[in-house]
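Below is one structure, written out as structure tokens; the observations come after it.
Numbered from 1 within each chain, the chains take letters A, B, ... in sequence-line order.
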Protein chains: 2
Amino acid sequence: MRPENAKTRRKPRADSLRNRERLLEAATQIFSAGGPQASLEAVARQAGVGIGTLYRHFPTREALFEAVYRHEVDLLGELAEQLAREDDPVEALRKWLQANVRLVATKKGMIEALQLVAHGSSDLKAYSFERLTNSIGLLLDRAVAAGEIRSDVPPEDLLRTLVGIFYSQGTTDWQPTALRLVDVFVDGLRKR
Amino acid sequence: MRPENAKTRRKPRADSLRNRERLLEAATQIFSAGGPQASLEAVARQAGVGIGTLYRHFPTREALFEAVYRHEVDLLGELAEQLAREDDPVEALRKWLQANVRLVATKKGMIEALQLVAHGSSDLKAYSFERLTNSIGLLLDRAVAAGEIRSDVPPEDLLRTLVGIFYSQGTTDWQPTALRLVDVFVDGLRKR
DNA sequence: TGATAAACGGAGGCATCCTCCGTATAAATA
DNA sequence: TATTTATACGGAGGATGCCTCCGTTTATCA
């Protein structure tokens with residue numbers, strides 16, 4: 001006799017959890033290298049599981065992609081919380097923005113991925129928009145509170161500006177330009 | 001004896017030209033409906049030619065897509081020249097911008113298409129950027145010369161703003177919003 | 001240590017990609 | 001106009017990817 005609700009449930013199987021992790025990790029790699037339309041069979045191969053297992057965990061390409069993307073967004077959120085404990089608030093903000101640029105730069109597929117998100121599932125869109133806006137807000141408020149930057153730029157505008165920087169850049173060697181633009185923008189936020 | 005250069009060339013075959021046209025037209029339809037990753041075999045079917053013919057004319061998906069996109073850009077260029085002959089220069093500018101919105105709206109695939117261009121062949125990017133900038137410049141200069149709008153907004157900025165409006169919108173029912181934003185922006189350009 | 005719910009792998013059917021080459025045909029030539 | 005020949009045509013076919021289905025395996029629970 002088990003004392004739980006009507007729906008008595010077994011503990012999830014250990015191999016299931018493990019495979020899910022492996023798939024997520026493999027998908028991050030494969031999508032990063034090949035964009036979000038990369039072969040799902042390649043993902044399964046990379047993870048060392050059967051294609052059926054992939055589809056059981058993530059019934060559609062979008063489901064897998066969303067899980068990967070959510071994970072990346074969460075990592076950026078954690079980075080923001082970590083940076084919020086640094087001394088110099090303006091530098092913390094700058095570092096976070098630069099981390100975004102580097103993330104996109106090292107993962108060539110991420111650019112296309114971002115575009116899919118921009119016009120895909122609005123759940124995911126809402127989630128990541130909120131999460132990223134909060135991250136920026138955290139760092140921004142601290143810098144504003146310290147009296148170091150102007151207070152009339154809301155986090156949303158900063159996020160959109162960041163995305164704009166990604167979009168407007170070409171494919172080759174855009175990272176230095178993007179980093180410079182971020183620098184300029186952060187400097188522009190500073191009070192004179 | 002033919003009086004031409006070392007490379008004596010026949011006139012291109014009529015069927016070849018015709019098929020190229022048909023493929024372009026079919027691709028415009030198919031890509032518009034299904035986005036740039038739509039089936040190429042569907043394009044060939046729609047055009048009423050064999051798949052081999054498609055590949056002979058356009059060796060890669062990108063080549064076909066580029067041709068389609070160039071054609072659309074050229075049409076917008078021609079529209080600008082036509083509008084430049086209208087009476088009211090500000091209205092002409094507004095109409096051209098609205099035509100852009102409608103073009104993208106009726107062709108759902110165009111949004112993804114634009115994104116491909118943004119990170120694809122830089123030839124195509126340069127070509128379309130220049131062509132569209134010129135179109136805007138044509139209409140803008142006329143309105144400036146008539147003293148109706150401010151003179152400190154270069155065509156490039158206007159183009160980027162337009163693209164930004166496309167990107168920032170969600171998938172559903174964004175056309176009214178985009179048209180409104182265009183309106184606001186054009187009104188903002190007016191001298192008080 | 002069995003019973004069994006849950007997860008696993010991958011074969012198989014279908015779609016698309018792209019290449020290759022025998023056939024057809026439009027332009028050139030006589 | 002008839003013949004030649006460069007050029008283009010169509011589509012079969014091999015490779016790959018998508019996704020489903022189901023017989024087999026295995027982790028949990030008693």
Side-chain angles (χ1 to χ4, degrees), chain A residues 1-27 29-31 33-68 109 112 116 120, chain B residues 1-27 29-31 33-68 109 112 116 120:
Chain A
M1 187 83 83
R2 314 191 56 237
E4 311 189 8
N5 348 14
K7 296 214 154 195
T8 301
R9 294 231 140 279
R10 280 192 175 187
K11 189 164 58 171
R13 281 174 55 158
D15 54 350
S16 175
L17 262 43
R18 195 175 350 106
N19 282 332
R20 194 192 157 83
E21 276 315 301
R22 282 185 183 166
L23 280 166
L24 229 37
E25 195 177 330
Q29 286 180 36
I30 299 283
F31 284 157
Q37 79 295 337
S39 154
L40 295 188
E41 315 219 317
V43 172
R45 272 197 299 276
Q46 169 89 3
V49 305
I51 185 68
T53 299
L54 184 153
Y55 276 96
R56 199 167 331 95
H57 284 288
F58 306 100
T60 66
R61 172 182 295 272
E62 284 65 37
L64 175 56
F65 177 64
E66 281 199 29
V68 169
E112 285 172 80
L116 273 198
Chain B
M1 187 84 84
R2 318 200 42 241
E4 312 191 6
N5 349 15
K7 296 215 154 196
T8 301
R9 296 230 138 279
R10 282 192 175 189
K11 187 165 62 169
R13 281 173 55 157
D15 54 350
S16 175
L17 263 42
R18 194 175 351 108
N19 281 333
R20 196 191 155 83
E21 277 313 303
R22 283 184 182 168
L23 280 166
L24 229 38
E25 194 179 330
Q29 286 181 34
I30 300 283
F31 284 158
Q37 79 296 338
S39 155
L40 295 188
E41 317 220 317
V43 171
R45 271 196 300 276
Q46 169 90 4
V49 306
I51 185 68
T53 299
L54 184 153
Y55 275 96
R56 196 164 337 94
H57 283 287
F58 307 99
T60 65
R61 173 183 294 272
E62 284 65 37
L64 175 56
F65 177 64
E66 281 199 28
V68 168
E112 285 171 80
L116 273 197

- Item | Atom-to-atom span, OH of B:Y55 to P of D:dT7 - whole angstrom | 24 Å
- Determine yes or no for a side-chain-to-main-chain donor-acceptor pair under 3.5 angstrom, with B:R56 supplying the side chain and B:I51 the backbone. no
- Minimum heavy-atom distance B:S39-B:I30, with the two atoms named: O-CG2, 4.3 Å
- Item | Interatomic distance, B:I30 CD1 vs C:dC17 P [rounded to whole Å] | 11 Å
- Query: Does A:Q46 CD have over 12 foreign heavy atoms under 6.0 Å away?
  - Reply: yes
- Nearest heavy-atom neighbours spanning A:L54 and A:L40: CD1-O, 3.4 Å
- Task: Locate the shortest heavy-atom distance separating B:P12 from B:L17; write the atom from each residue and the value.
- Result: CB-CD1, 3.7 Å
- Under the side chain to side chain donor-acceptor pair (under 3.5 Å) rule, collect the residues that match up with B:R13, sequence neighbours excluded. B:D15
- Query: Is a side-chain donor or acceptor of A:Q37 paired with a backbone partner of A:G34 at a separation under 3.5 angstrom?
  - Reply: yes
- OP1 or OP2 of C:dC17 sitting under 4.0 Å from any side-chain N/O of B:S39? yes
- Query: Over how many whole Å does the gap from B:R61 atom CZ to D:dG17 atom C1' extend?
  - Reply: 13 Å
- In the 5'-to-3' direction, what one-character label does each nucleotide of nucleotides 8-13 of chain D receive under the scheme B = base within less than 4.0 Å of a protein heavy atom, S = sugar-phosphate only, - = no such atom? SBBBB-
- Message: Whole angstroms only, please: what is the CZ-C1' distance between A:R45 and C:dG9?
- Response: 14 Å
- Task: Can you tell me the distance, in whole Å, between the CD atom of B:Q37 and the P atom of D:dG17?
- Result: 17 Å
- Message: Show me the dot-bracket string of DNA chain D, counting Watson-Crick or G-U pairs under 3.5 Å, with | for pairs to another strand and [ ] for crossing ones.
- Response: ||||||||||||||||||||||||||||||
- Once you round it to whole Å, what is the distance between P of C:dA27 and NZ of B:K11? 6 Å
- For A:F58 against A:A67, the heavy-atom pair lying closest together: CE2-CB, 3.8 Å
